[in-house]
Amino acid sequence: MNAFSPKIVLKEMSETFFHYIIQNPDYLILVASCAFLVSYFIRWVLKNGNNSDDEDGGGGGGSSENDDDPVLDLPPGVCLPKDKPEPELTA
């Protein structure tokens, strides 16, 4: 019964784990790279969480440079005028 005490089991598991990592250091690199990729993906999703296809108008679409501009809900095929004014025709 004493062989299954939590302290002995934890000690044996930690010794086995460290022995395995010393013999196979490539798994440590694999775990570290997976942790980095998961954290990078979570940060990317949180940063780009505003979906431009939202129908509720909740902060989606457009660039974040002009925050004071209103968000326009234009129908498909209609776009905003270009920044450069077109030349006027004179007769």
Side-chain angles (χ1 to χ4, degrees):
M1 177 136 183
N2 195 13
F4 292 110
S5 72
K7 289 182 182 181
I8 294 174
V9 171
L10 186 61
K11 181 182 175 191
E12 289 292 324
M13 286 177 60
S14 63
E15 287 176 3
T16 304
F17 175 74
F18 288 126
H19 181 68
Y20 184 78
I21 291 298
I22 289 171
Q23 286 182 345
N24 303 306
D26 50 343
Y27 285 113
L28 197 61
I29 295 169
L30 178 70
V31 168
S33 62
C34 287
F36 173 76
L37 288 175
V38 167
S39 67
Y40 180 80
F41 179 73
I42 289 173
R43 283 185 277 145
W44 180 80
V45 167
L46 292 177
K47 185 176 115 181
N48 297 330
N50 57 351
N51 188 1
S52 63
D53 294 337
D54 284 344
E55 292 294 328
D56 59 359
S63 64
S64 61
E65 297 170 356
N66 300 326
D67 288 337
D68 57 340
D69 291 341
V71 177
L72 302 176
D73 190 18
L74 299 174
V78 177
C79 62
L80 294 174
K82 306 286 185 205
D83 290 339
K84 185 174 86 173
E86 296 179 8
E88 295 182 15
L89 297 175
T90 56

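In what follows, residues are counted from 1 in the order of the sequence shown.
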State, yes or no, whether a side-chain contact exists between K11 and E15 at a heavy-atom distance under 4.5 Å.
-> yes
Is there a path of hydrophobic side-chain contacts, each under 4.5 Å between heavy atoms of I, L, V, M, F, W or Y residues, that connects F18 with L28?
-> yes
Common cluster, V31/Y40, ILVMFWY with side-chain heavy-atom separation under 4.5 Å | no
Consider only side-chain N and O atoms of Q23 and H19, and report whether a donor and an acceptor are under 3.5 Å apart.
-> yes
Starting at CD1 of I21, measure out to CG of D26 and round the result to the nearest 0.5 Å.
-> 8.5 Å
pair L37-F41: side-chain heavy atoms closer than 4.5 Å | no
